[in-house]
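This is the structure, below, for whatever I ask next.
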Amino acid sequence: MALKVKRLLLSVLALSIMAYVSACYSRTSTLAQVVILDSRSQPKDIVWFNERLWVGSQNELSCYRLDGEKLVLISKKRLSVFDLNNCHGRLLVAHKDGVSSLEGEQWRNWNIGQSYAALCTEKHLIAAREQDLFYVSFDGSPHKVQQVLAEKDFFPSRLPRHLCFAKACLWVGTECGLHKHFPSGKWQSFYGDIAYCGSRGKTKFKEGTKGFSGNRVQGILAWGNKVLVATANGLSIITDGKFESITGSEERLAYDDGDIAARWQIGNSALPSNDIRAACYCGEVLTVGTSAGLAVIKNGKVAFTLSDELPNTEITCLCPIGNNQLVVGTTEGLALVCLSNL
């Protein structure tokens, strides 16, 4: 009799667990549909241009047509790509040898040396090189501008890696902070909390810009009156000059009187990781790609996250393509995420 009761209880428990898992799966599937488009590519960046999906990787630039839930290859060229940008009717490709621009069916190349990012105005192309910015006039006359940083207090390295225009200002993301260039020519710099080596080798700590997540910028995007800044320590949203930081809870290094200790820091959201690789809006929701999965934020809160549903949890880039659809690039392929039910 006891054995029968035990078996009955185990059966009820198993059914409960299955029902719970099924409910969780259904809840996720009703909010987002995920389709694996590719499980072989390793995209560094993706962009939607002329109704085509362009995918840049370490070895090639590929162009695809999205046929329902399938990718159809149109063309590819051997190129080591760092950054893709759809800007003023041009596709800009920053790569190992410089910058290439596609306007209509015509390619133009500027062999100005390894470039990590590129954007343009109607008259000029702007490229982020190893330690400076390079302006190239579309009429063919190049001229170099001043180095990104004037400050030399904290970091000797400039390393511009990401560019963005917002409200007539140029924003430059480096591995050592965020920098804003005004039309007047003035530079303004923003830093996260900084630890540096002071006199006699003692570690010192300097508080950074309030609300700015971290110094290593991994992406910048202008959206309406906002500027989204992805960093290695969280996402910063700048609205009319005010910084707001979105972070998850994780163990971080804390500095107390020069001593370094690992401490658990409570964040203000349920992000999968504070290592933000990309962020963009898809319809009315904010999507955040991290090294541990995708977070979908609605009304200031994380609505849900995706990880196992993707080709890999380590996200490299995001690209909205309209109709509440988002292409997610990971270290092991591409996925199409539909958020129409959110």
Side-chain angles (χ1 to χ4, degrees), residues 43-45 56 58 80-85 94-96 98-99 112-119 126-134 144-166 169-181 187-198 203-209 211-222 227-238 243 245-247 250 252-253 255 260 273-279 288-292 314-318 329 331:
K44 284 192 172 182
D45 203 4
Q58 184 176 352
S80 182
V81 177
F82 290 100
D83 178 71
L84 299 174
N85 198 352
H95 52 80
K96 189 175 180 180
V99 177
I112 57 175
Q114 185 161 297
S115 301
Y116 295 91
L119 52 73
I126 306 172
R129 303 196 305 174
E130 183 64 33
Q131 291 196 14
D132 62 12
L133 300 182
F134 202 87
K144 190 171 75 170
V145 298
Q146 68 192 77
Q147 285 195 334
V148 175
L149 295 179
E151 296 83 0
K152 298 180 180 179
D153 296 336
F154 308 122
F155 296 95
S157 178
R158 306 307 191 235
L159 303 176
R161 292 296 180 266
H162 303 278
L163 303 175
C164 175
F165 268 124
C169 293
L170 172 65
W171 294 79
V172 181
T174 75
E175 295 192 4
C176 309
L178 177 68
H179 314 281
K180 183 179 181 182
H181 185 258
W187 285 97
Q188 183 179 10
S189 297
F190 308 95
Y191 299 100
D193 294 342
I194 299 169
Y196 62 100
C197 186
T203 301
K204 293 187 176 181
F205 177 73
K206 185 176 180 64
E207 188 174 340
T209 304
F212 184 51
S213 300
N215 291 306
R216 184 177 180 182
V217 176
Q218 303 187 136
I220 314 175
L221 176 70
V227 178
L228 309 180
V229 185
T231 80
N233 294 315
L235 176 68
S236 290
I237 302 178
I238 308 170
F243 285 74
S245 181
I246 298 178
T247 59
E250 65 175 20
R252 294 184 61 187
L253 292 180
Y255 302 86
I260 302 177
S273 168
N274 284 336
D275 185 6
I276 312 298
R277 304 298 178 84
V288 182
T290 78
S291 59
E314 187 174 349
I315 294 174
T316 57
C317 44
L318 301 174
T331 55

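Atom set for the values below is all heavy atoms of this structure, side chains included, hydrogens, waters and symmetry mates excluded. When a residue number appears, it is its place in the shown sequence, counting from 1.
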Quiz item: Looking only at heavy atoms, what is the nearest atom pair of Cys164 and Leu221, with distance?
Solution: SG-C, 4.0 Å
Practice problem: State which residues pass ring-ring contact (aromatic ring centres under 6.0 Å, His included) with Phe243; sequence neighbours excluded, sorted by chain then number. | Solution: Phe190, Phe212
Practice problem: Carefully, step by step, assess Asn85 and Leu163 under the rule side chain to side chain contact (heavy atoms under 4.5 Å, CB included). | Solution: CA-CA 10 Å; Asn85 198 352; Leu163 303 175; over 6 Å; no
Practice problem: Give, for atom CD of Gln218 and atom CG of Asn233, the distance between the pair rounded to the nearest 0.5 Å. | Solution: 8.5 Å
Quiz item: If every non-hydrogen atom of Ile112 is compared with every non-hydrogen atom of Ala127, which pair is closest and at what distance?
Solution: CD1-CB, 3.7 Å
Exercise. Give the minimum heavy-atom separation between Ala94 and Ala117, together with the two atoms involved.
Key: CB-N, 3.6 Å
Quiz item: Hey, does Ile220 have a side-chain heavy atom less than 4.5 Å from the side chain of Val227?
Solution: yes
Quiz item: Are any of the side-chain heavy atoms of Ile276 and Ile246 separated by less than 4.5 Å?
Solution: no
Exercise. Check step by step if side chain to side chain contact (heavy atoms under 4.5 Å, CB included) holds for Leu178 and Ile238.
Key: CA-CA 12 Å; Leu178 177 68; Ile238 308 170; 3.8 Å; yes
Quiz item: Quick one: are Phe165 and Ile126 in side-chain contact, heavy atoms under 4.5 Å?
Solution: yes
Self-check item: Spacing of CD1 belonging to Ile315 relative to OG1 belonging to Thr290, to within rounding of 0.5 Å
Solution: 5.5 Å
Quiz prompt | Flag for Ser189-His179: side-chain donor and acceptor within less than 3.5 Å | solution = yes
Self-check item: Validation row: Tyr116, His162 side chains within 4.5 angstrom (heavy atoms)
Solution: no
Self-check item: Side-chain (Arg161) to main-chain (Glu175) donor-acceptor, under 3.5 angstrom
Solution: no
Quiz item: Between NZ of Lys44 and SG of Cys317, what distance do you get to the nearest 0.5 Å?
Solution: 11.0 Å
Quiz item: Closest approach of Ala128 and Pro160, non-hydrogen atoms and distance?
Solution: CB-O, 3.8 Å
Quiz item: Can any side-chain N or O of Thr247 pair as donor or acceptor with the backbone N or O of Gly234 at less than 3.5 Å?
Solution: no
Exercise. Could you tell me whether a side-chain N or O of Ser236 sits under 3.5 Å from a main-chain N or O of Ser213, the two making a donor and an acceptor?
Key: yes
Exercise. Could you tell me which non-hydrogen atom of Leu133 sits nearest to which non-hydrogen atom of Trp187, and how far apart they are?
Key: CD1-CH2, 4.1 Å
Exercise. Any chance you could measure Gln188, atom CD, to His181, atom NE2, to the nearest 0.5 Å?
Key: 12.5 Å
